[in-house]
S.K.: 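Below are the structure tokens for one structure; questions will follow.
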Amino acid sequence: MTEARLIVENFVDSMTHLMELLIKETSILNDKDFDGLESIQSRKLHLSRVYEDAQKRLQEQRDSVNCLNEEEREDLRKLYKKFRGVLSENMIVLRGSHDATENVIKLVIDAVKKERGIAAHTAPAFKARPQGYKAYANA
């Protein structure tokens with residue numbers, strides 16, 4: 001096996017494993033089975049690093065893709081498109097879970113303030129969060 005093919009296969013393997021874990025995490029979040037999250041966090045971190053390293057290696061050796069025939073290139077495009085969709089869905093579900101938790105915390109804080117006689121509608125400590133893809137874009 002050539003080095004170029006090995007670089008591409010490592011990239012595909014890392015993307016596939018990370019995608020499988022993201023699908024599992026998304027399912028756990030949708031099912032609200034939050035106890036299941038703790039067991040996958042360290043694996044997610046590890047797979048994210050492996051994917052990032054494989055992606056950097058592929059970018060450094062862009063001509064590695066030349067070892068693929070047209071059918072393999074099309075399969076890679078489809079896999080990457082699927083990966084981006086899974087990643088996007090995962091980010092949206094994670095954001096929704098985060099926002100729901102934040103809303104519960106706000107309700108508790110407001111209830112405590114009301115109980116203590118403090119005005120619940122004082123100026124917010126934080127401004128509104130961006131929604132959609134803007135929530136994940138670099139500042």
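Sequence positions, counted from 1, serve as the residue numbers for this chain. Quick caveat, the model's predicted, so the values are computed rather than measured.
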S.K.: Counting distance only, does the side-chain N/O of Ser14 pair as donor-acceptor with the main-chain N or O of Asn10 below 3.5 Å?
M.R.: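 Between the backbone of Asn10 and the side chain of Ser14 there is a qualifying donor-acceptor contact (under 3.5 Å).
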S.K.: Would one find more than 12 heavy atoms of other residues, nucleotides or ligands at under 6.0 Å from atom NZ of Lys44?
M.R.: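 Yes, because the 6.0 Å sphere around NZ of Lys44 holds more than 12 heavy atoms from other groups.
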S.K.: Rounded to the nearest 0.5 Å, what's the gap from CG on Leu18 to CG on Leu87? Could you check?
M.R.: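 Separation between the atoms: 7.5 Å.
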S.K.: Distance check, rounded to the nearest 0.5 Å: Leu76 atom CG versus Leu58 atom CG?
M.R.: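 It comes to 7.5 Å.
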S.K.: Does atom CD (Glu71) have a neighbourhood of more than 12 heavy atoms from anything else shown, all under 6.0 Å?
M.R.: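 Not buried by this count: 12 neighbours or fewer within 6.0 Å.
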S.K.: Using 0.5 Å steps for rounding, measure from the CD1 atom of Ile109 to the CD1 atom of Ile118.
M.R.: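 Separation between the atoms: 11.0 Å.
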S.K.: Tell me, yes or no, whether the heavy-atom count around Arg73 atom CZ, taken from other residues, nucleotides or ligands under 6.0 Å, exceeds 12.
M.R.: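 Yes, because the 6.0 Å sphere around CZ of Arg73 holds more than 12 heavy atoms from other groups.
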S.K.: Grab the two heavy atoms, one from Gly36 and one from Ser39, that are nearest each other, plus how far apart they are.
M.R.: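 Looking at all heavy atoms of both residues, the shortest contact is O-OG, 3.0 Å.
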S.K.: What distance separates Lys24 NZ from Asn90 CG, expressed to the nearest 0.5 Å?
M.R.: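 Between Lys24 NZ and Asn90 CG, I get 13.5 Å after rounding to 0.5 Å.
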S.K.: Using the rule that Ile, Leu, Val, Met, Phe, Trp and Tyr join whenever any side-chain heavy atoms are under 4.5 Å apart, tell me whether Leu22 and Leu37 fall into a single cluster.
M.R.: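 Hydrophobic grouping puts Leu22 with Leu37.
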S.K.: Could you check if a side-chain atom of Asn30 sits within less than 4.5 angstrom of a side-chain atom of Thr26, using non-hydrogen atoms only?
M.R.: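 Contact flag for Asn30/Thr26 side chains = yes.
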S.K.: Is the closest basic N to carboxylate O distance between Lys56 and Glu52 below 4.0 Å?
M.R.: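 Salt bridge flag = yes for Glu52 with Lys56.
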S.K.: Should the pair Arg57-Glu3 be classified as a salt bridge under the 4.0 Å nitrogen-to-oxygen rule?
M.R.: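 Counted as a salt bridge, because a side-chain N and a carboxylate O are separated by less than 4.0 Å.
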S.K.: Considering residues, nucleotides and ligands other than Gln59, do more than 12 of their heavy atoms fall under 6.0 Å from its CD?
M.R.: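 More than 12 heavy atoms, drawn from other residues, nucleotides or ligands, come within 6.0 Å of this atom.
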S.K.: Please enumerate all residues that pass side-chain contact (heavy atoms from CB on, under 4.5 Å) together with Arg43, with sequence neighbours excluded.
M.R.: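 Arg43: side-chain contact (heavy atoms from CB on, under 4.5 Å) contacts with Leu21, His46, Leu47.
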S.K.: With the 4.5 Å side-chain cut-off for hydrophobic clustering, are Leu29 and Ile40 part of the same group?
M.R.: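 Yes.
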S.K.: So if you build clusters from Ile, Leu, Val, Met, Phe, Trp, Tyr with side-chain heavy-atom gaps below 4.5 Å, do Phe83 and Ile7 land together?
M.R.: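 As far as the 4.5 Å side-chain criterion goes, Ile7 and Phe83 are connected within one cluster.
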S.K.: Which atom pair, heavy atoms only, marks the closest approach of Gln55 to Tyr80?
M.R.: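 It is NE2-OH, 4.3 Å.
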S.K.: Could you tell me the separation between the CD atom of Glu102 and the NZ atom of Lys106, rounded to the nearest 0.5 Å?
M.R.: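 Interatomic distance, Glu102 CD to Lys106 NZ, rounded to 0.5 Å: 9.5 Å.
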S.K.: Would you say Gln41 and Glu25 are linked by a side-chain donor-acceptor pair, where the criterion is simply a distance under 3.5 Å?
M.R.: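 Indeed, the side chains of Glu25 and Gln41 share at least one donor-acceptor pair under 3.5 Å.
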S.K.: Taking NZ, NE, NH1 and NH2 as the nitrogens, is one of them in Asp110 or Lys114 under 4.0 Å from a carboxylate oxygen of the other?
M.R.: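 Result for this pair is no, no salt bridge flagged.
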S.K.: Could Glu89 and Arg84 be called an ion pair, given the rule that one side-chain N must be under 4.0 Å from one carboxylate O?
M.R.: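 Answer for the salt bridge query: no.
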S.K.: Check Arg77 with Glu74, please: is the shortest side-chain N to carboxylate O separation under 4.0 Å?
M.R.: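 Between Arg77 and Glu74 there is a salt bridge, with a charged N closer than 4.0 Å to a carboxylate O.
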S.K.: What is the distance from atom OG1 of Thr16 to atom CE of Met19, rounded to the nearest 0.5 Å?
M.R.: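 Between atom OG1 of Thr16 and atom CE of Met19 there are 5.0 Å.
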S.K.: Do Glu72 side-chain atoms and Asn69 backbone N/O form a donor-acceptor pair below 3.5 Å?
M.R.: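 Yes.
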